[in-house]
Amino acid sequence: MKVAGKSTRSIELAADGWAAVIIDQTRLPHDFVLRRLENLAQAAEAIRDMWVRGAPLIGATAAYGMALAMRADPSDENLENAARTLMATRPTAVNLRWAVEDMRARLKPLGPQVRTGAAYARAAEICEEDVATNRAIGEHGLELLRKAWEAGGEQDRVNVLTHCNAGWLATVDWGTALAPIYLAQDAGIPVHVWADETRPRNQGASLTAWELGQHGVPHTVIADNAGGHLMQHGMVDLCIVGTDRTTARGDVCNKIGTYLKALAAHDNGVPFYVGLPGPTIDWSIEDGLVEIPIEERDGREVSEITGLNQVGQIETVRLTPDGSPVANHAFDVTPARLVTGLITERGVCPATTEGLLSLYPERHNSMRGT
Ligand code: MRU
């Protein structure tokens with residue numbers, strides 16, 4: 001997608017052909033800063049400290065982390081060390097495990113002398129696959145937006161509510177939840193996005209708003225608590241969110257607060273869709289509430305807030321009384337019964353085992369108990 005009119009991806013190989021270049025997302029929307037990842041430790045730090053974030057981008061960064069590790073030392077021992085190090089960075093997004101296991105399985109049978117080249121080639125392929133997958137998600141989601149627009153009668157726009165950031169910044173390009181919106185905008189459908197601010201890290205207020213703005217998509221940032229009110233007053237036509245892990249029966253784990261939006265959507269008859277690529281489906285689990293590890297992050301993300309001060313400097317200030325305990329659960333699980341449909345690269349399906357298997361029949365044997 002575009003940054004100041006220039007096509008940009010969230011992760012790319014540097015001109016020297018070996019370092020990975022990422023956008024430091026902790027600095028957006030106020031500063032656009034590119035950073036070089038030159039070794040395994042930096043790739044792990046980038047994921048853990050959320051310079052990069054979003055399930056597909058975490059996977060793509062981990063793939064380059066494995067390549068960087070192989071460049072330094074392609075031994076069996078270092079292959080295992082790199083896989084362990086990257087897997088320990090963030091627990092919830094299953095794309096991390098998917099990418100690390102994919103890289104490990106392909107590199108393990110190769111001799112150390114050819115591992116580095118193979119690792120870079122596969123990391124690049126994972127990125128290209130992600131772009132194509134998200135574009136396909138966009139095309140399937142576009143049809144939903146087209147129908148909403150056609151059904152809208154006198155309405156002058158389609159209003160979509162989204163939570164967190166599942167746009168191109170969360171993937172290599174296009175995004176999952178936001179890909180249909182970009183394609184709708186390009187197709188001349190007047191789409192407007194309600195962007196939940198998404199406390200505590202404000203991915204909606206800082207990242208979703210920024211990337212929509214760069215592409216010229218009309219949007220409005222709202223407090224996380226506003227969605228229910230907007231839905232009660234007919235101001236949301238549909239919700240589209242992303243996911244960090246979707247179970248084989250269609251339970252959806254996503255950024256904390258997603259569940260409350262799904263409840264409000266259900267109560268108000270607003271369709272609630274989830275955009276996701278195949279690697280976000282965890283076929284080995286069913287019950288998301290019990291089986292998905294929910295990341296708990298540093299409480300300072302809740303007790304403090306960062307923004308631009310009046311003299312244009314980025315500043316962090318405390319919100320809570322000194323000493324008040326805080327909790328920071330980073331994700332929640334929306335049960336499948338609250339999800340209208342899953343928008344995948346292969347089409348839209350109900351959030352059920354049968355629905356998912358109708359699109360991914362080859363995964364029948366990946367499910368537990370089969
Ligand atoms: O903590 P984050 O910013 O990595 O959380 C990101 C989300 O919750 C996204 O909605 C999800 O990863 C889907 S990204 C296409």
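Both counts, for ligands and for their atoms, begin at 1 and track the order of listing.
The aromatic rings of Trp194 and His192 sit perpendicular to each other, their planes meeting at more than 60°, with 30° as the lower class boundary.
Heavy atoms from both the backbone and the side chain of Ala55 come within less than 4.0 Å of ligand 1. Proximity of Arg201 to ligand 1, defined as any heavy-atom pair under 4.0 Å, is not found for any part of the residue. Proximity of His163 to ligand 1, defined as any heavy-atom pair under 4.0 Å, is not found for any part of the residue. Neither the backbone nor the side chain of Thr280 comes within 4.0 Å of ligand 1, counting heavy atoms alone. By the criterion of a heavy-atom distance under 4.0 Å, neither the backbone nor the side chain of Val241 is placed next to ligand 1. Contacts of Pro56 with ligand 1, taken as heavy-atom pairs under 4.0 Å, involve the side chain alone.
Below 3.5 Å of separation, one finds an N or O of Arg53 facing an N or O of ligand 1. Between Gln203 and ligand 1, at least one N/O pair is under 3.5 Å apart.
Under the 4.0 angstrom criterion for non-hydrogen atoms, Cys164 is in contact with ligand 1. Residue contacts with ligand 1 include Arg90, since one of its heavy atoms falls under 4.0 Å from the ligand. Contact between Asn165 and ligand 1 is present, with at least one heavy atom of the residue lying under 4.0 Å from the ligand. The closest approach between a heavy atom of Met50 and any atom of ligand 1 is below 4.0 Å.
A donor-acceptor pair shorter than 3.5 Å cannot be found between the side chains of Asp196 and Thr198.
For His266, the NE2 atom is loosely surrounded, since the number of other residues' heavy atoms within 6.0 Å does not exceed 12. Around atom CD of Glu77, no more than 12 heavy atoms belonging to other residues, nucleotides or ligands sit under 6.0 Å away.
For the pair Pro279 and Val94, the tightest heavy-atom approach, listed with the atom from each and the gap, is O-CG1, 3.4 Å. When all heavy atoms are compared, the tightest approach of Leu342 to Ala351 is CD1-CA, 3.8 Å. Heavy-atom minimum distance, Thr320 versus Ser303: OG1-CB, 3.2 Å.
Among all non-hydrogen protein atoms, the one lying nearest atom 14 (S) of ligand 1 is Ala170 CB, 3.5 Å. Among protein heavy atoms, atom 8 (O) of ligand 1 sits closest to Asp244 OD1, 2.9 Å. The shortest contact between atom 9 (C) of ligand 1 and any protein heavy atom is with Asn254 OD1, 3.4 Å. Nearest protein heavy-atom contact of atom 15 (C) of ligand 1 is Thr176 OG1, 3.0 Å. Summary of contacts: the protein heavy atom closest to atom 5 (O) of ligand 1 is Lys255 CE, 3.3 Å.
Close contacts between ligand 1 and Ala166 involve ligand atoms 14 (S), 15 (C) [criterion: under 4.0 Å to a heavy atom].
A salt bridge between Arg146 and Glu143 is present, with a side-chain N of the basic residue lying under 4.0 Å from a carboxylate O of the acidic one.
Annotation: cation-pi pair Arg36/Trp18 present, NZ/CZ under 6.0 Å from the ring centroid and within 45° of its normal.
Among Lys255, Arg201, Glu211, the single residue meeting the side-chain hydrogen bond (donor to acceptor under 3.5 Å, both in side chains) criterion with Asn165 is Glu211.
Arg249 contributes a side-chain N or O that, together with a main-chain N or O of Glu286, makes up a donor-acceptor pair within less than 3.5 Å.
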